[in-house]
Q: 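Dropping the structure in here first, questions after.
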Amino acid sequence: MRGNARRAAPDRETVVKVRPVRRADLPAVIALDATVTGLHKADYWQRIYRRYGQAGEGLRHFLVATCDGEVAGFVIGEVRDWEFGSPPCGWLFAIDVDPRWREHGLGAKLLAALRECFEHVGVDMLRTMLHVDNTLILSFFRSQGMTAGKLLPLELPIGPGA
Ligand SMILES: CC(C)(COP(=O)(O)OP(=O)(O)OC[C@H]1O[C@@H](n2cnc3c(N)ncnc32)[C@H](O)[C@@H]1OP(=O)(O)O)[C@@H](O)C(=O)NCCC(=O)NCCS
């Protein structure tokens, strides 16, 4: 065990599913995000739902993992094409699993489902970006076969405070 407060491992009777998000899932998603980030961002999640949770022609995906019908994790991603000359690729930009359900394979299931969505529309590269200090998510992505890519993020403080 690696330190999270955990439930007993899902047993054979626990039904784990990954499916597209529904509007009724939003309160659980908002609560889960708040437990991870400490911020209750209801407006942000309404916008994300409108953009990624509704028909996106197979290019935008917002999936949830449920354990016995209860939301226990989510993943969000989209196909981005020809940014900086890069052929279409699948971008994962959010993944979270309820701390009570971690280390039970839900993160791997969510990533695999998003990958399938991207493969379905012919995309052959999956990308993500993470904070250099987030060793948990780095360990997770590495365990799923992801390695350092060739794109380098650059940044510049702008605005009145710069
Ligand atoms: C990263 C995260 C999604 C993993 O979800 P999970 O359901 O616990 O992952 P899984 O059970 O599918 O684990 C898959 C692999 O990831 C790695 N992993 C998972 N948790 C780990 C941990 N605490 N330490 C080290 N490696 C870990 C392991 O290699 C694991 O494989 P194993 O079980 O064979 O050892 C989850 O910990 C999480 O939501 N963390 C917070 C995410 C976050 O910071 N989000 C904000 C930025 S988008």
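One-based numbering, in listed order, for ligands and for the atoms of each.
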Q: Need the ligand 1 atom indices (1-based, order shown) with element for anything under 4.0 Å from a heavy-atom of E103.
A: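 Near E103, meaning under 4.0 Å from one of its heavy atoms, ligand 1 has 6 (P), 7 (O), 8 (O), 11 (O), 20 (N), 23 (N).
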
Q: Is D96 close to ligand 1, meaning an N/O of one under 3.5 Å from an N/O of the other?
A: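 So ligand 1 has an N or O lying under 3.5 Å from an N or O of D96.
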
Q: Below 3.5 angstrom, do we get any N/O pair linking V97 and ligand 1?
A: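 The answer is yes, given that V97 and ligand 1 share an N or O pair closer than 3.5 Å.
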
Q: For ligand 1, note which part of T37 has a heavy atom under 4.0 Å away: side chain, backbone, both or neither.
A: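 It is neither part, as no heavy atom is under 4.0 Å.
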
Q: Does G107 reach ligand 1 with a nitrogen or oxygen that is under 3.5 Å from one of the ligand's nitrogen or oxygen atoms?
A: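 G107 vs ligand 1: N/O contact under 3.5 Å present.
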
Q: Taking atom types as modelled, is there a side-chain donor on R23 or Q46 under 3.5 Å from an acceptor on the other?
A: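 Short answer, yes.
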
Q: Which of the numbered atoms in ligand 1 are under 4.0 angstrom from any heavy atom belonging to A94?
A: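 Once the distances to A94 are compared, the set is 48 (S).
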
Q: When you group the ILVMFWY residues by side-chain heavy-atom contacts below 4.5 Å and let the links chain together, are L106 and I137 in the same group?
A: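 Same cluster: I137 reaches L106 through Ile, Leu, Val, Met, Phe, Trp or Tyr contacts under 4.5 Å.
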
Q: Do any nitrogen or oxygen atoms of S139 lie less than 3.5 angstrom from nitrogen or oxygen atoms of ligand 1?
A: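 By distance alone, the answer is no.
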
Q: Quick one, F118 and D124 - any side-chain contact, counting heavy atoms below 4.5 Å?
A: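 Contact flag for F118/D124 side chains = no.
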
Q: For ligand 1, which atoms have a heavy atom of L106 less than 4.0 angstrom away?
A: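 Matching atoms, with element in brackets: 7 (O), 12 (O).
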
Q: Heavy-atom distance under 4.5 Å between the side chains of K109 and V97, does that happen here?
A: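 The answer is no, as the side chains (C-beta and beyond) never meet within the 4.5 Å cut-off.
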
Q: Check each heavy atom of Q144 against ligand 1 and say whether those closer than 4.0 Å belong to the side chain, the backbone, both or neither.
A: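 Q144 to ligand 1: side-chain contact only, backbone stays beyond 4.0 Å.
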
Q: A side-chain contact here means heavy atoms from C-beta on lying under 4.5 Å apart; do L59 and P88 qualify?
A: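 Contact flag for L59/P88 side chains = no.
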
Q: Between R127 and S86, do the side chains contain an N or O donor and an N or O acceptor separated by less than 3.5 Å?
A: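 Yes, S86 and R127 have a side-chain donor paired with an acceptor closer than 3.5 Å.
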
Q: Just by modelled atom types, is the V15 backbone N or O under 3.5 Å from a matching donor or acceptor in the D68 side chain?
A: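 Judged by distance alone, yes, a pair lies under 3.5 Å.
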
Q: Taking the six-membered ring for Trp, is the centroid-to-centroid distance between F93 and Y52 below 6.0 Å?
A: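 Yes.
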
Q: Within a strict 4.5 Å, meaning less than it, do heavy atoms of the R51 and R60 side chains meet?
A: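 A side-chain contact under 4.5 Å exists here.
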
Q: Does the side chain of V29 reach to within under 4.5 Å of the side chain of W45, using non-hydrogen atoms?
A: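 V29 vs W45: side chains touch.
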
Q: Under 3.5 Å between any N/O of I95 and any N/O of ligand 1: does that happen in this structure?
A: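 N/O-N/O distance under 3.5 Å: yes.
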
Q: So, is L136 polar-close to ligand 1, with some N/O to N/O distance under 3.5 Å?
A: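 L136 vs ligand 1: no N/O contact under 3.5 Å.
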
Q: Under 4.0 Å from any heavy atom of H104, which atoms of ligand 1 are there?
A: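 Near H104, the atoms of ligand 1 are 11 (O).
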
Q: Show the atoms of ligand 1 that are less than 4.0 angstrom away from any heavy atom in G105.
A: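 Taking each heavy atom of G105 in turn, ligand 1 has 10 (P), 11 (O), 12 (O) under 4.0 Å.
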
Q: For ligand 1, which part of A108 has a heavy atom less than 4.0 Å away: the side chain, the backbone, both, or neither?
A: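 Under 4.0 Å from ligand 1, A108 contributes backbone and side-chain atoms.
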
Q: Provide the number and element of each atom of ligand 1 under 4.0 Å from a heavy atom of N134.
A: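 Reading through ligand 1 atom by atom, the close ones are 44 (O).
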
